[in-house]
Amino acid sequence: MSLLLHNAEVVVTMDAARRELRGGWVHVAGGAITAVGAAGEAPPPAAESIDLAGHVLMPGLVNTHHHMYQSLTRALPAAQDAELFDWLGALYPVWARMTPDALRIAAATAMAELVLSGCTTAADHHYIFPNGCRLDDTIEAARQVGIRFHPTRGAMSLGQSRGGLPPDAVVEEEAAILADMERVVARFHDPAPLSMLRIGIAPCSPFSVTRELMRDAAGFARARGLRLHTHLAENDKDVVFSRERFRCTPAEYAEELGWVGPDVWHAHCVKLDEAGIALFARTGTGVAHCPCSNMRLASGIAPIPAMRAAGVPVGLGVDGSASNDGAHLLGEARQAMLLARVGHGPAAMTARDALEIATLGGARVLGRDDIGALAPGMAADLVAFDASGIDHAGAGADPVAALVFCTPARAALSVINGRIVVRDGRLLTLDEREHAARHREAARGLLQA
């Protein structure tokens, strides 16, 4: 089916020239963009045409780090006012009760929230597998919602009895971890251009897995052309753990185990030092920047301007919905801009910088050259935001910057892989109210278990 999106207030292409086309249009056929044009240029015919007067049309946003299951434990009282390690300590026992059905519901909730915020591609770092839960459960949810999905098979193997942070009840044996990685890759991974599903390999963190698993996972992934993901240098305690246990900084630990390179991205990196930034820039190692979570857990302000200036690939992540408690990716872009200015001055990040990180930056971090921009041959992942409402009143001089400076908007339209998933601000792939009721019941069951 062909689709024409036309008469937009402005089309933000994110192409090589960073063109912004007033009154522009985008033509889609199947799962790819076929043409992009400005007002006055005649578009090709299409089976369906949507007038986007008053809307900003742009590439779908890319979420590079999430823990979707955590939407079951948002704003949990025991974890509201804690830093990372204490927050995890309060939540591990609750997560240990999760069931496959609850996981599917939670993942679909997180994905629906993301799509309604303008996200069209999302990575999920899933590392806890109690009671028969599998990565398959999140993949099933992605197919239901219609999002382009990069699930990562995470793992925890270093329990408290061996000096790790998580309770022994939530860790797995390393042989079983590697066997299940093999299973999910063989069953689900699709490396083809415009793929809707790619698997990554993601041991959870230096404080929850062994050196051996980190090293084995890297070898496993590289033998199969997969990407690697983990948490790194999230806060001061994380750095202290690395220095005391490994006698090196988190960045040095990553380098020692082969966890640097253009096929690797690390979440947070709030405490990445100058040597670490130089290492990441030199090796093309990516970073998933999660500003809301970093503020929520008082982890600090990541040196994102310095990373970008050095050439480190940087994308955005909403992180788990229990350390952010929301998953609004356009809102995350706004927070990234504001937090950079708090830490580094008013010129540290512009609105367009934030949008670039949320699109092209995320695409680069995930190793994709087919998303993040509107150009012929790119994936047909597009979102439109209504700039004509009360929240954007008075911002007509620069409707693109207004997306970031003003109240974060719900997507009015979302097209993913050429399929309309959101129309007139309504998600078409699931009933929001009905699903929210199911999610509340699953969350209540988890807490009462």
Side-chain angles (χ1 to χ4, degrees), residues 63 65-82 84-117 122-147 149 151-156 159-160 165-172 176-177 180 184 202 204 208 292-293 296-297 318-328 427 429-449:
N63 177 33
H65 184 67
H66 207 328
H67 307 294
M68 294 181 176
Y69 74 91
Q70 290 181 12
S71 65
L72 292 163
T73 51
R74 295 200 239 216
L76 202 65
Q80 286 180 10
D81 305 311
L84 176 64
F85 282 21
D86 293 337
W87 175 87
L88 285 169
L91 288 168
Y92 281 139
V94 183
W95 296 335
R97 306 180 194 130
M98 184 170 53
T99 64
D101 188 52
L103 174 55
R104 285 189 295 272
I105 293 169
T109 297
M111 294 169 190
E113 190 175 8
L114 285 170
V115 168
L116 288 166
S117 76
D124 184 39
H125 188 184
H126 191 76
Y127 55 80
I128 186 165
F129 296 90
N131 310 312
C133 289
R134 302 191 301 172
L135 203 65
D136 312 42
D137 300 313
T138 65
I139 292 169
E140 182 180 327
R143 287 172 171 164
Q144 176 190 8
V145 175
I147 198 167
F149 196 34
T152 61
R153 208 303 183 178
M156 296 191 294
Q160 289 174 351
L165 187 68
D168 289 359
V170 297
V171 303
E172 299 175 272
I177 291 167
D180 195 55
V184 297
C204 183
S208 61
C292 286
S293 175
R296 159 76 148 82
L297 298 177
V318 298
D319 202 16
S321 295
S323 65
N324 180 336
D325 307 280
H328 198 299
L427 185 63
T429 51
L430 59 76
D431 184 307
E432 288 182 56
R433 186 173 294 277
E434 178 184 328
H435 186 81
R438 291 181 65 213
H439 187 274
R440 284 193 295 273
E441 186 63 29
R444 187 160 44 244
L446 190 68
L447 296 177
Q448 292 175 347

Backbone N/O of [Y] and side chain of [X]: donor-acceptor pair under 3.5 Å:
X: H126; Y: I128; answer: yes
X: R296; Y: N324; answer: no
X: T429; Y: V145; answer: yes

Report yes if the side chains of [X] and [Y] come closer than 4.5 Å at any heavy-atom pair, otherwise no.
X: M98; Y: T73; answer: no
X: H125; Y: D319; answer: no
X: H328; Y: L116; answer: no
X: Y92; Y: M156; answer: yes
X: H66; Y: L114; answer: yes

Point-to-point distance, once rounded to the nearest 0.5 Å, from [atom1] of [X] to [atom2] of [Y]:
X: T138; Y: R104; atom1: OG1; atom2: CZ; answer: 10.5 Å
X: L72; Y: I105; atom1: CG; atom2: CD1; answer: 8.0 Å
X: H435; Y: Q144; atom1: NE2; atom2: CD; answer: 6.5 Å
X: T152; Y: Y127; atom1: OG1; atom2: OH; answer: 10.5 Å

On a heavy-atom basis, which atom in [X] and which in [Y] lie closest, and how many Å separate them?
X: W95; Y: L88; value: CZ3-CD2, 4.0 Å
X: S71; Y: A106; value: OG-O, 3.1 Å
X: D325; Y: A75; value: OD1-N, 2.8 Å
X: A122; Y: M68; value: CB-CE, 3.9 Å
X: A96; Y: V170; value: CB-CG1, 3.6 Å
X: R74; Y: T109; value: NH2-CG2, 3.8 Å

**Q.** Audit row: R134, D137, salt bridge (Lys or Arg N to Asp or Glu O under 4.0 Å) steps and yes/no
**A.** CA-CA 6 Å; R134 302 191 301 172; D137 300 313; 5.6 Å; no
Q: Check the angle between the aromatic planes of H65 and H67 and answer parallel, tilted or perpendicular using the 30° and 60° thresholds.
A: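 H65 vs H67 ring planes: perpendicular.
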Q. Between the side chains of S293 and S323, does any donor sit under 3.5 Å from an acceptor?
A.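 Note: S293 and S323 side chains meet the donor-acceptor criterion.
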Q. Please walk me through it: do R153 and I177 pass side chain to side chain contact (heavy atoms under 4.5 Å, CB included)?
A. CA-CA 9 Å; R153 208 303 183 178; I177 291 167; 4.0 Å; yes
Q. Between R143 and E140, is a salt bridge (Lys or Arg N to Asp or Glu O under 4.0 Å) present by the stated rule, with each step listed?
A. CA-CA 5 Å; R143 287 172 171 164; E140 182 180 327; over 6 Å; no
